[in-house]
J.: 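Dropping a structure here in structure tokens format, bear with me for questions.
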Amino acid sequence: MSVHLLSGGTGAQVPAHLTRIPISLISTSTNSKDKIVKGKVVHKGPLVSGSADSFILKIIIQEENPPTNASTQNISMNVVLFGALAKSFSQAVNQEDVVVASGFTVGKSPTVHKDKLHPCNLLLSGGDACIYVSRPPPPPPPAPRSLPASKRSSALSTEDSRAAKTPKYTYAHLDDLKAGSVVNVYGVVVFFKQPFKSRGTDYCSILKITDKSNKMIGCTIFCEKLEDHPKIFQVGDIVRMHRVKVQVFNNSVSLVNTFGFSVVTFDGAVGGAVEPRASSHKFSFSQEDQQTVEELRSWTASQAVIPSTPSAIPLSAVQPRAYFNLTCQLLAKAPIDTTCTLLRVWDGTRCPHTLLKVMVEPNVTEGPTSFSTERENLIANILVYDNHVEFAQQLKPGAFLRIYNLRSIPGSSKVPGLTSSQSEETDHLAFHLHGGTSYGRGIRVLPENSPDVQELKRVIEAFQEDEELLEIWSTPPESLDSEAVECSTERSCGHDMQPVTLSEVKQSRPGQVHHVRIQLRSYEPCRLYQALKLYCSKCTSIQDVPDDELLASVFSEASKDSDPCSPPPWVLSGPVSLPTDSPRFQNRALSVHLSTHLLSEGKSKELLFLMGSTLEETCQLAASYPNIVPVRSSGGRLALLDLSAPFLFRGRKRYYGCKRCSKAAVSELSVEGAEVIDEKMVAEALGVQLLQFVLLMKLELQDATDTLDVFLWRHAESFFSVSAEDVAANQEAQNSIRQTMDHLCPPGGSVGQRPWLDLCLTAYRVEGDGGQDQDQTCYQICHTTVIRPSSTLSDPA
DNA sequence: GGTTAGGGTTAG
């Protein structure tokens, strides 16, 4: 059981009585006694260590010069080494070394279907197993030859183990591929399809490559993960593939990835930086690779292998009735139906043809729902169909894309789900990414650092600067009186006043009302749930809404009070079980108290006093009982929880009381004449000063003259057209505020993207802590409502 | 444990 390094005549020798058996002829019935198998190591796996010195190492060897009697099929096979042999092999043997194995047994390869290699594998373990290594001669050293052959080490020197860590690869020429072999290749991409979902488990990439031999070779790459696929952006890119298997299909040679496959892609432009695009961080890349890429680039440029037409064209050069590739930025997107998604893109250039308008609901749009008029005119609406929809759904607005084989159709066609009057606009150019992958049809996200994206960003930024200039010159104060500017808000105050500038507002005395036409520059809090507050109308205090973590601790603290409790005479007490399927709630009976008065009214379940529950359990029960008041035992009596927690749960709504203004005590509720029990009745009965949910935000306004911080508070609910109580209880109301704010102040958007707003402001004096000198003028937005983003994505002109 | 695809336009 050992690894022997063969070195000319001086080292170990393969015993002469052993006879070689070609790899292709090995079967499970092979008698391995006195046999050897010889092959080149084309893959060396990692040394896998199990428990207590049990090592396993898997390699693939390939027949180098098959004897004439051997077939060319199955010339590559898996070899599994065990124990100390695996360990010393791992240290001593490099990829590309030629090895001879003896003392092996033959097993069925469990991975034959996956790696398409030999149906058998060689197993090397125990005392008979032996590996002889002959290293290929090193590449010719620079003249004069300075390294005598005798200097080459015949022992396993440290130099050898270092070499083992960075295997040197050899690359096959594309006109010299032997069927069944596993090879490494370099090639220039002459055709490619972005990875698409196969009918199996993997994504499939199709490419055709060529090299200096001028041979065209088709390649099929199957990988489950998209990132393991070649990152090809355009024809002319250069790929380096390791461990692809040569196959014959339809009488021509093709390549398929096999075990240990990896690929690195390079841009093919002469003179550009050689930057590898790889999925793995640890791929080999040497000076030789650099040279190979540069040589292939020059060769490609001299040979006209690649059509000289540009691989992508800008919107400004798009012809009707054409297929083309587009490099662009995604601004917004919206699903149309299950087979179609709308992508709104631009590349900063203006298409000479009028572009198709597509209407969609704003609440299904991801990204801004409207843009400046200038920008709207540059936006191309792309309808993406069928298999591309799934990929499109994962795209994020802002991403840079290349869309391959996009089709421009004049006159427009009907958009599914919309009536013809909504979508049909003759003489408009429509863009379709049809279903299927023919001609490489597909979408690819380009990285920010790619040269094409850098160029795209230059064009876009130049446009944005123009856009901002336009906005500044065409807006207030010059246009304050005009009706030309479309506004996203509406005043309902009824004041008959002309708008003034922010600088005029700042110079005015407090106590006045102003109309302004402004844009929203920024706002606080960015985390909109923090805008939700609790307000006491009695003491006018404002506090944050406690988070669930705090509430849970209040409940848990309250349930620790285990003093015996004598409930008041007007209650009936008993256990209640939680209406849930969840096993963790089982075996937990909570103590509940019902009002006998309500019982007599037939409304016993209308109001529950619940004791000893957790926050989670209380919420569970609140789904089934309309009013739940959490209680605890305190000094032998029934008491409310600390008022940091809600004193009442009504469905998903929670009601809080003011600690300062409440005189809380558990007492009986009078419901005479009342149809339903509401929070006000409960609060009154319990002596709780009910806190009100309010929205409080600080907005920074901007116009051509100045900026101004204003509050949105007392009129916040009508501004957003939502109730703060709803915001506290449901996600939809929260989303609605988020959408409104994203519309008024698009995240990452330029000033040109922010709509103009007509506001009514009140200015008032607020006493500072330090007396008269510290008085401040504050401003509040009042009597103003946001007009919900219009339901069209089209150019409003 | 093992297949997928194997370039060559949707038909909205």
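The chains referred to below are lettered A, B, ... by the order of the sequence lines, with proteins before strands, and numbering in each begins at 1.
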J.: Is A/Arg441 touching bases, backbone alone, or none of the nucleic acid, heavy atoms closer than 4.0 Å?
T.: base

J.: Have a look at A/Asn250 and say if it touches a base, only the backbone sugar-phosphate, or nothing, with a 4.0 Å heavy-atom cut-off.
T.: nothing

J.: Out of B/dG7, B/dA5, B/dG12, which has the shortest distance to the side chain of A/Lys208?
T.: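 Comparing B/dG7, B/dA5, B/dG12 against the side chain of A/Lys208, the answer is B/dG7.
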
J.: Please classify the glycosidic conformation of B/dG8 as syn (within 90° of 0) or anti (everything else).
T.: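 Chi for B/dG8 falls in the syn range.
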
J.: So if I take every side-chain heavy atom of A/Thr437 and compare against B/dG8, B/dT10, B/dA5, which nucleotide ends up nearest?
T.: B/dG8

J.: Taking CD from A/Glu224 and C1' from B/dG1, how many angstroms apart are they, rounded to a whole number?
T.: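 About 13 Å, once rounded to whole Å.
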
J.: Mind calculating the distance between CD1 (A/Ile206) and C1' (B/dA5) to the nearest angstrom?
T.: 5 Å

J.: Using a 4.0 Å heavy-atom cut-off, does A/Gly435 contact any base of the nucleic acid, only the sugar-phosphate backbone, or nothing at all?
T.: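 Counting heavy atoms under 4.0 Å across all strands, the contact made by A/Gly435 includes a base.
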
J.: A/Leu255 has an atom CG; how far is it from atom C1' of B/dG6, in whole Å?
T.: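 Those two atoms, CG and C1', are 12 Å apart.
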
J.: Does any N or O donor sit under 3.5 Å from an N or O acceptor when you compare the side chain of A/Thr201 with the base of B/dG2?
T.: yes

J.: When the P atoms of B/dG2 and B/dG6 are considered, how many whole Å apart are they?
T.: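 The same atom, P, in both gives a distance of 23 Å.
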
J.: Under a 3.5 Å distance rule, please check whether A/Ser32 uses its side chain to pair with a backbone N or O of A/Phe104 as donor and acceptor.
T.: yes

J.: Taking the side chain of A/Tyr439 as heavy atoms from C-beta outward, which of B/dT9, B/dA5, B/dG12 is closest to it?
T.: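 The answer is B/dT9.
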
J.: Ignoring hydrogens, what is the shortest heavy-atom contact between A/Arg297 and A/Val270? Give both atom names and the distance.
T.: O-CG2, 3.5 Å

J.: Using only modelled atom types and a 3.5 angstrom limit, is any donor from either the side chain of A/Arg407 or the base of B/dT10 paired with an acceptor on the other?
T.: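 Such a pair is found, so the answer is yes.
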
J.: Heavy-atom nearest nucleotide on DNA chain B for A/Ser438 versus A/Thr220: which residue maps closer to 5'?
T.: A/Thr220

J.: Does the ring of A/Tyr385 lie flat against the base of B/dT10, closer than 5.5 Å centre to centre with planes under 30°?
T.: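 Check failed, A/Tyr385 does not stack on base of B/dT10.
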
J.: At their closest point, which heavy atom of A/Leu406 faces which heavy atom of A/Leu433, and how far apart are they?
T.: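 Looking at all heavy atoms of both residues, the shortest contact is CD1-N, 3.9 Å.
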
J.: How many whole angstroms separate atom OH of A/Tyr323 from atom P of B/dT10?
T.: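 Rounded to whole Å, this separation is 7 Å.
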
J.: Heavy atoms only, 4.0 Å cut-off, all strands: where does A/Lys193 land among base, sugar-phosphate and nothing?
T.: sugar-phosphate

J.: Can A/Phe222 be said to stack with the base of B/dA5, given centres closer than 5.5 angstrom and planes under 30 degrees apart?
T.: no

J.: When the distance from CG of A/Leu226 to P of B/dT4 is rounded to whole Å, what number comes out?
T.: 20 Å

J.: Rounding to a whole Å, what distance do you find between A/Phe196:CZ and B/dT4:C1'?
T.: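 Roughly 9 Å, once rounded to whole Å.
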
J.: So does A/Gly436 get a backbone contact from the side chain of A/Asn387, meaning a donor-acceptor N/O pair under 3.5 Å?
T.: yes

J.: Tell me the closest heavy-atom pair linking A/Pro230 and A/Ser205, and the distance in Å.
T.: CD-OG, 3.8 Å

J.: Nearest whole Å is fine: how far is B/dG7 C1' from A/Phe191 CZ?
T.: 4 Å

